[in-house]
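All values below were derived from every heavy atom in this structure, side-chain atoms included, with hydrogens, water molecules and symmetry-related copies excluded. In the text below, chain A, chain B and the rest are named by the order of the sequence lines, each starting its count at 1.
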Number of protein chains: 2
Amino acid sequence: MSISGAEAEASHELLVIRPSKWTLVVIVQLRSGTMRFNELRRNMGGVPQKSLSQTLRELERDGYITRTAYATIPPRVEYDLTELGRELLALADDWHSFAQRNRRAVEQARRLFDAVDERPAY
Amino acid sequence: MSISGAEAEASHELLVIRPSKWTLVVIVQLRSGTMRFNELRRNMGGVPQKSLSQTLRELERDGYITRTAYATIPPRVEYDLTELGRELLALADDWHSFAQRNRRAVEQARRLFDAVDERPAY
DNA sequence: CTGCATCCTACGGGATACTG
DNA sequence: CAGTATCCCGTAGGATGCAG
């Protein structure tokens, strides 16, 4: 399988792998099951309501999560991963695993790179 | 393995999975081996020089690619994947594969979602 | 050929206030 | 409780011109 092709296609495909700041955080939060809006909000630290709403909306739109609203007072909305969402979760885990394994190496590489103040003729 | 934890930690980890617009495009371009600057540029479509430079610099800094400059006239610079870069390439392939498999499904989900103009009480 | 410097615009995303 | 509306700002990133 080769990715290289028309740049438009490449860009298009790669768009899928440039999630917004909070998308994958939501995905991993829903790992253990159903969650409500403010429940997510609390568990995700300082995420603004606007960002969370937008993220949830887009995830629902793309079919990664479901949204179930109950017409009670007070209102109550539950979010869940779909099958597709669980696949995305698997990918997120892969990335996280990768990041965990190589965090030190990358930090070290950065320090080395930054230490070379004599970087001539770029 | 659980991702959930302090939000700061989660954010930090997830930073690694929010590459810039061109990072993964470069990575997949280097799949087949060494490439020069303008060679990359041509194969990547309309990428501005600035963006490509920045991307290459950061990838080098983090240890994903190597940069070899030859002091010839005209100058010549070659880029290559490191071992770490190849691991990143593997992840990129996973994402691409995922995107390929589910492109239709996501498009369909979007159409369905957008078709519901009666979405009350969000 | 391989970059850097500059300018400019669009957009993500945070803070705050308000609503059903 | 679960959002929307508005404002504001930093930064990504595109276009252009210049340099070694």
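Using modelled atom types, one side-chain atom of A/S53 and one backbone atom of A/Q49 make a donor-acceptor pair closer than 3.5 Å. Looking at A/T55, its side chain does come within 3.5 Å of a backbone N or O of A/S51 through a donor-acceptor pair. In this structure, A/R41 contributes its side chain and A/L52 its backbone to no donor-acceptor pair below 3.5 Å. Judged by distance alone, with hydrogens and angles left aside, the side-chain atoms of B/R18 form a donor-acceptor pair with the main-chain N or O of A/P19 at under 3.5 Å.
Note: CE (B/M35) to P (C/dT2) measures 13 Å, nearest angstrom. What separates CZ of B/R36 from C1' of C/dG3 is a distance of 13 Å, to the nearest Å. The distance from atom CZ of B/R57 to atom C1' of C/dG3 is 9 Å, rounded to the nearest whole Å. Rounded to an integer number of Å, the gap from CZ of B/R76 to P of C/dG3 is 13 Å. The distance between atom CZ of A/R42 and atom C1' of D/dG3, rounded to the nearest whole Å, is 15 Å. At whole-Å resolution of the value, CD in A/E60 and P in D/dA2 are 15 Å apart. The CZ-P distance, from A/R67 to D/dC1, rounds to 16 Å in whole Å. Atom CD in A/E78 sits about 16 Å away from atom C1' in D/dG3, given to the nearest Å.
Every residue two or more places apart in sequence or in another chain that forms a salt bridge (Lys or Arg N to Asp or Glu O under 4.0 Å) with B/R110 is listed here: A/D62. Take A/R42 and apply the salt bridge (Lys or Arg N to Asp or Glu O under 4.0 Å) test, not counting sequence neighbours, and it matches no residue.
Using bins of under 30°, 30° to 60° and over 60° for the plane-to-plane angle, the ring pair B/Y64/A/F98 lands in the parallel bin.
Judged as a salt bridge (charged side-chain N to carboxylate O under 4.0 Å, His left out), the pairs with a partner in residues 80-90 of chain B (not counting sequence neighbours) are, in order, A/R101-B/E87, B/E83-B/R86. Listed by first then second residue, pairs satisfying salt bridge (charged side-chain N to carboxylate O under 4.0 Å, His left out) with a partner in residues 69-78 of chain B read B/R76-B/E78, not counting sequence neighbours.
Closest contact between the side chain of B/N38 and the listed nucleotides D/dC1, D/dG3, C/dC1 involves C/dC1.
Within the 4.0 Å cut-off from OP1 or OP2 of D/dC1, not a single side-chain nitrogen or oxygen of A/Y79 is found. Side-chain nitrogen and oxygen atoms of B/T72 include none within less than 4.0 Å of the OP1 or OP2 phosphate oxygen of C/dC1.
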* To do: Do nucleotides 13-19 of chain C as a string where each nucleotide becomes B, S or -: B if the base has a protein heavy atom under 4.0 Å, S if just the sugar-phosphate does, - if no protein is that close.
  => BBB-B--

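Five base pairs at each end of the helix from C/dC1-D/dG20 to C/dG20-D/dC1 define two local axes, and these are offset by 50° (rounded to 10°).
Across all strands, A/S53 comes closer than 4.0 Å to base atoms (heavy-atom distances).
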